[in-house]
There are 2 protein chains.
Amino acid sequence: MEPTQTVEDYVRAIYQLQEGAEDVSTSALAEVMKVAPATVTSMLKKLDQLGYAVYTPYQGVSLTESGRRLALNIVRRHRLVELYLVQALEIPWDRVHEEAHRWEHVISDEVLAKMDEVLGHPERDPHGAPIPGENGSLPATSTVRLSALRSGQRAVVAEVADNVPEMLRYIGNLGLYPDVAIEIIAVAPFDGLVTVRVGERQHIIGQRIARSIFVKDIISTEE
Amino acid sequence: MEPTQTVEDYVRAIYQLQEGAEDVSTSALAEVMKVAPATVTSMLKKLDQLGYAVYTPYQGVSLTESGRRLALNIVRRHRLVELYLVQALEIPWDRVHEEAHRWEHVISDEVLAKMDEVLGHPERDPHGAPIPGENGSLPATSTVRLSALRSGQRAVVAEVADNVPEMLRYIGNLGLYPDVAIEIIAVAPFDGLVTVRVGERQHIIGQRIARSIFVKDIISTEE
DNA sequence: ATTATAATTTAGAGTATTATAACAAAGATG
DNA sequence: CATCTTTGTTATAATACTCTAAATTATAAT
């Protein structure tokens, strides 16, 4: 009955690759799971069997309602743990992902509930990603990539992609955490280098970084 | 290289059954690991292979120095986590064992060190059991079973056996936590029922309980 | 010393997860 | 549209852990 850790991981991975509605491909899964494609194929058959996903050979997978519920539950665990590690144990935000990835399969509901309480029922993890509620609800905010802003616009950092720890550390060093206000000083042509003001400091960031940062509350200040 | 979770569990179990010097039997291990004896046999061969234990067929096992080091490390993780759960997350002391058992295999050294720091480098877990140091040192205290005390003696609770959660809850309800001062009011003949004063309250406990509680700092008050 | 009993080990097999190599389907190209 | 390339799947096998049933060894008892 209880899904294994591996099953949980696959379901979560499918959920996070799904992004909207498209089916997820075997190769995409193989890549994020760091596993051979053939391994994914056999796993997909099993997930279909277990009722977590619908798998059509050569066409990809998508989660069923049951799979979506499971995924949201794991994401909830993951993000709550990440926040707990940052807030209660002062672990740097670029090192909580791996840890949370292991904890998420191991924490009891009782302890998770307690963490949630200690944290004051937070809505977002340290990277600004929404923490699903117990019922599976997701707090939504409309965000835009920093790379889409134009010179002169002000905004607030909403979320930072957390896939690459090194990038996260770099972004953290720039002071670009969620809820930090920024202003676009300039956007250079061709390579799209963005000069951004963060508090007193200014930084020039490239497209790779600019596309990994999501912002909200955009104000166009005509000067 | 990295020992698997299962290997860690076996090594820890052997360590805790060893209690001094005797070899541990297959059936004892099978019981605590909740596994068939045949499973233990094959595992013991593997532990011998890996250098964690010395296994002689039909004679039992004992840990090597390497196995002992591993066991102490796991016990350290387990007990630190138990204390953290009780202190930081207010989980009742009779429910931390299972949780810690899962966490101990999953926590990074970094996070463990932080927990240790937050807790102020404690020497004992919530049940009074010693927490091994990073170097494998064990804080020792000479304790005696409560069942060995005589009427009129005073003492301080040092440690409570934590194998049976229900018993732990019961003992907790009696207020018999580590560091609590007690006085033996009476010991009944035959069944050995012990009347013990804890603060203002008096309780009568049986041998099963009295033998699960260890005390220190015994004072014989001749009245 | 022989036998009965209890403990332990071997043999054979199953589940879950993974991989490699060979084959098949889809999609892209000329 | 025939072919080439990419992507995905089957077949087969390995590893880690577990089990049941049968065989073996140790221990206790006559």
Enquirer: The criterion is ring-ring contact (aromatic ring centres under 6.0 Å, His included); which residues satisfy it with His203(A), sequence neighbours excluded?
Expert: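 Residues passing ring-ring contact (aromatic ring centres under 6.0 Å, His included) with His203(A): none at all.
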
Enquirer: Can Asp23(B) and Val61(B) be said to form a side-chain contact (heavy atoms from CB on, under 4.5 Å), step by step?
Expert: CA-CA 5 Å; Asp23(B) 278 12; Val61(B) 247; over 6 Å; no

Enquirer: Name every residue in residues 46-58 of chain B that has at least one heavy atom under 4.0 Å from any atom of DNA chain D, in order of residue number, or write none if there are no such residues.
Expert: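 By residue number: Lys46(B), Tyr58(B).
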
Enquirer: Would you mind pulling out the nucleotide paired to dC4(D), Watson-Crick or G-U wobble, both distances under 3.5 Å?
Expert: dG27(C)

Enquirer: Extract all donor-acceptor atom pairs below 3.5 Å that involve side chains of residues 159-166 of chain B and protein atoms in other chains or at least two apart in sequence.
Expert:
none

Enquirer: Any salt bridge linking Glu31(B) with Lys34(B)? Criterion: basic side-chain nitrogen under 4.0 Å from a carboxylate oxygen.
Expert: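 The answer is no: the pair does not qualify as a salt bridge.
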
Enquirer: Below 4.0 angstrom, which residues in residues 4-14 of chain B have at least one non-hydrogen atom near DNA chain C?
Expert: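 None - not one residue of the stretch has a heavy atom sitting under 4.0 Å from the strand.
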
Enquirer: Using 30° and 60° as the class limits, which term best fits the ring planes of Tyr177(B) and Trp93(B): parallel, tilted or perpendicular?
Expert: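 Tilted, since the angle between the ring planes falls between 30° and 60°.
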
Enquirer: Can you name the residues that form a salt bridge (charged side-chain N to carboxylate O under 4.0 Å, His left out) with Glu110(B), not counting sequence neighbours?
Expert: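 If we apply the salt bridge (charged side-chain N to carboxylate O under 4.0 Å, His left out) test to Glu110(B), skipping adjacent residues, the hits are Arg95(A).
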
Enquirer: On DNA chain D, reading 5' to 3', which nucleotide is the first and which the last to sit with an atom under 4.0 Å from a heavy atom of chain B, could you check?
Expert: dA16(D) to dA26(D)

Enquirer: Do any pairs count as a ring pair (Phe, Tyr, Trp, His ring centres under 6.0 Å) and have a residue in residues 42-74 of chain B, sequence neighbours left out, and if so which ones?
Expert: none

Enquirer: In residues 32-44 of chain B, which residues come under 4.0 Å of DNA chain C by heavy atom?
Expert: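 By residue number: Pro37(B), Ala38(B), Thr41(B).
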
Enquirer: Can you name the residues that form a side-chain hydrogen bond (donor to acceptor under 3.5 Å, both in side chains) with Gln49(A), not counting sequence neighbours?
Expert: none

Enquirer: How are the rings of His97(A) and His101(A) set to each other: parallel, tilted or perpendicular (split at 30° and 60°)?
Expert: parallel

Enquirer: Among all residues two or more places apart in sequence or in another chain, which pass the side-chain hydrogen bond (donor to acceptor under 3.5 Å, both in side chains) test with Ser25(B)?
Expert: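 Ser25(B) satisfies side-chain hydrogen bond (donor to acceptor under 3.5 Å, both in side chains) with Ser27(B) only.
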
Enquirer: Sequence neighbours left out, what passes side-chain hydrogen bond (donor to acceptor under 3.5 Å, both in side chains) with Asp116(B)? Give chain and number order.
Expert: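 Asp116(B) satisfies side-chain hydrogen bond (donor to acceptor under 3.5 Å, both in side chains) with Arg76(B), His121(B) once adjacent residues are dropped.
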
Enquirer: Mind checking what makes side-chain hydrogen bond (donor to acceptor under 3.5 Å, both in side chains) contact with Thr4(B), not counting sequence neighbours?
Expert: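 Residues passing side-chain hydrogen bond (donor to acceptor under 3.5 Å, both in side chains) with Thr4(B): none at all.
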
